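The next block holds one structure in the form of structure tokens; read it before the comments.
Below, chains carry the letters A, B, ... as their sequence lines are ordered, and counting in each starts from 1. Since this is a predicted model, take the numbers as computed values, not measurements.
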Amino acid sequence: MAVEENCLQTMKAYIQEALRQVLRTIDGVPEDFQPELEKPNNPEHGDLATNAALQLTRYLKRPPRQIAEEIAERLRALPLDPRRVASVEVAGPGFLNFRLASDYLAQVLADILTAGERYGRSDLGQGRAAMVEYVSANPTGPLTVGHGRNAVLGDTIANLLDWIGYRVTREYYYNDAGRQMRVLGASVRARYLALVDPTLPTKKIQVAEDAWVEVPEPFPEDGYLGDYIIDIARMLYEQHGEALRDVEDLTPFKEAAEKVIFEDIRRTLARLGIRMDSFFNEHTLYENGKIWEVVEALREKGYVYEKDGAVWFRTSALGKDQDTVLVKRTGEPTYRLPDIAYHITKFERGFERIVDIFGADHIATYPDVLRALEVLGYDVKKIDVVIYQFVTLVRGGEPVKMSTRRATYVTLDELIEEVGEDVTRFFFLMRSPNTHLEFDLDLAREASEKNPVFYLQYAHARICSIMRKAEEVGLRESPNPELTLLQHEAETALIKELMRFPEVIQEAARTYEPHRVANYLREVAVAFTKFYEHCRIIGESEVLAQARLALARATRLVLSNGLRVLGISAPERM
RNA sequence: GCCCACGUAGCUCAGUCGGAUAGAGCAGCGGCUUCCUAAGCCGUUGGUCGCAGGUUCGAGUCCUGCCGUGGGCACCA
């Protein structure tokens, strides 16, 4: 299913092979020496360059330029296919610079058009099963801006894995038992009781230095203060009247809250084009006894002991400075235990590449899970943990501390409302996951008008517009355009940019860094805009117009394919 | 105290496996529209790549130390 096409990677492979062939003929070159090829920053340095000669100085004990000259000479003598490589030169301290032949660029362009919507896809994953676990927020409240980064990052990483040939499952892991949910139920119950009896006494809970929230008396001290709790209570009141007044059991309140909140979460995710394949309830790991199997399995390996009524995991024997509790004195497991059991199910379900998307607060805890899995004989190399740094919210020049419970958060919905779906996604994707994301809410609305995402979409819309115009004036796209006519600097530069796309996708997938795609698309848009400024389509001779139209179409393909990976729309008009 | 990430232009950030003259957007300044979308284009100002050592042909990139920012170091999730 691999898309056989000419692109930068194909060319690299070709030149690399030629280099290896030549290097074998030079005395003193180590057997396992691998020449590296990269795209120089400066276009004057050609299209591809290798530093092989520089690296070989230490083995050959000769000046790098001399080595480079020798390699270049032998490369020319091979000879290199002139329809692929136009020239090879020695430059600078001893670099070898390669220039691509224009025939090759024409061939690349033709291949992009043939590949169409599949251009950029590859088969590195060979159809193996991959799972990306993301969002995984417990249903205690609406998704916040912080969850947004997780959701968009995870979803895009899943897209990237899909593009490089994995069969991807998107999973949301959650816990609807536990203390958090009890507090949630109690919060709803208190609000409900206040509706039943408006004379119920109230108290004030401090949420900030100068901010207080008034709540009904039975409200838990650490209860959830968001208005959505009141909405849920009101819904219960409308459905049941006063019937729940004397119900001490929190279950009906908890269940109602969970249902409403999950619907809300799904709706928010759907707005961002995110659709999970499955929701995994932590509770199933209790019901089927998996968590206890983990304890026993670890015990058999000698990594479990009892102390002070709790069950401990001997992490101190696995490189950590202290041991870790698996089961509390109360008999309740800590979250690590189900986490371990959960990851075992990922292996049992046959996933060969397992990706977890976590916020920076998990940095110290996931290693415990990996340690346990390793002890139990699972191949932890299959697990990749993507840690993204937190989103710092700034409002009115002040950083906002995000807490779902405190209701001092900004919801993801509010953000989407303010800046739109596309900008929201792009915003979370345009920066490296391991850098802090500063988010100035006051700026967001204004900035959204000038957001770089519009630049990409604008380039796409502009191409669509040209195509509409071409059709109007009766200019038809040719099935066999004369692509070798594309010799203008702006044209060749654009083709060279387009040919990088598959590699960019693969690198972004390998490193789990979607921002590489975002940055790349901007470069494509820049290259296209230069082409647009210098080369007209309509009004030129028919053959040239058709060749340029083909280039425009290829650009449009890269932009729309790239935007699709990022989950951002590619509008035909703006 | 220990662990992780980060520190690059006024601001927000890129910077490929260690390569040639460190880039972009925004902000600032100056221009561009009888012509396929000006949400655009061109030019320009702006840098001790946190600091100090080290590794080597070569360091923003790797190593060590220090300083700073954020996150974490629970029988909370």
Q: Anything below 3.5 Å on both distances counts as a pair; with that, list the stems of at least three consecutive Watson-Crick or G-U pairs involving RNA chain B.
A: B:1-7 with B:67-73, B:10-13 with B:23-26, B:28-32 with B:40-44, B:50-54 with B:62-66
Q.
Nearest to the side chain of A/Asp361, heavy atoms from C-beta on, is which of B/rA20, B/rC13, B/rA77?
A. B/rA77
Q: Take the angle between the ring planes of A/Trp312 and A/Tyr305 and call it parallel below 30°, perpendicular above 60°, tilted in between.
A: parallel
Q. Of all the choices, B/rC17, B/rC36, B/rA14, which nucleotide is nearest to the side chain of A/Tyr532 once you look at every atom?
A. B/rC36
Q. Which part of the nucleic acid, if any, lies within reach of A/Thr435 when heavy atoms closer than 4.0 Å are counted: base, sugar-phosphate only, or nothing?
A. sugar-phosphate
(Q) I need the single residue from A/Leu37, A/Leu498, A/Leu48 that forms a side chain to side chain contact (heavy atoms under 4.5 Å, CB included) with A/Leu8. Which is it? (A) A/Leu48
(Q) Using a heavy-atom cut-off of 4.0 Å across all strands, would you classify A/Gln34 as base, sugar-phosphate, or nothing? (A) nothing
Q.
For a quick check of understanding: with a heavy-atom distance under 4.0 Å over all strands, which category does A/Arg573 fall into, base, sugar-phosphate or nothing?
A. base
Q | Closest listed nucleotide, where the reference is the side chain of A/Arg468 and the choices are B/rA20, B/rU37, B/rC13 | A | B/rU37
Q: With heavy atoms under 4.0 Å as the rule, sort A/Glu523 into base, sugar-phosphate or nothing.
A: nothing
Q) Which one, B/rA14, B/rA77, B/rC36, comes nearest to the side chain of A/Ser432? A) B/rA14
Q: Classify the side chain of A/Asn51 and the base of B/rG19 as holding, or not holding, a donor-acceptor pair under 3.5 Å.
A: yes
Q) Contact class for A/Asn97 (heavy atom, under 4.0 Å): base, sugar-phosphate, or nothing? A) base
Q.
Given B/rA77, B/rG40, B/rG19, identify the nucleotide with an atom nearest to the side chain of A/Thr529.
A. B/rG40
Q: Kindly point out which of B/rC17, B/rG71, B/rC73 is positioned nearest to the side chain of A/Ile363?
A: B/rG71
Q. Base, sugar-phosphate, or nothing: which does A/Asn175 touch, judged by heavy atoms less than 4.0 Å apart?
A. sugar-phosphate
Q.
Looking at A/Asn42 and B/rA22, is any side-chain donor or acceptor paired with a base atom of the opposite kind under 3.5 Å?
A. no
Q. Ion pair present between A/Glu497 and A/Lys530, side-chain N to carboxylate O less than 4.0 angstrom?
A. no
Q: Could you please spell out the steps behind the salt bridge (Lys or Arg N to Asp or Glu O under 4.0 Å) verdict for A/Arg62 and A/Glu70?
A: CA-CA 11 Å; A/Arg62 280 156 49 194; A/Glu70 187 176 343; 2.4 Å; yes
Q: Have a look at A/Glu572 and say if it touches a base, only the backbone sugar-phosphate, or nothing, with a 4.0 Å heavy-atom cut-off.
A: base
Q: Among the candidates B/rG71, B/rG40, B/rA20, find the nucleotide nearest to the side-chain atoms of A/Ala360.
A: B/rG71
Q) Counting side-chain heavy atoms from CB outward, which of B/rC73, B/rA38, B/rU21 is closest to A/Tyr458? A) B/rA38
Q: Identify whether any heavy atom of A/Ala470 sits under 4.0 Å from a base atom; if not, whether one sits that close to sugar-phosphate; answer base, sugar-phosphate or nothing.
A: nothing
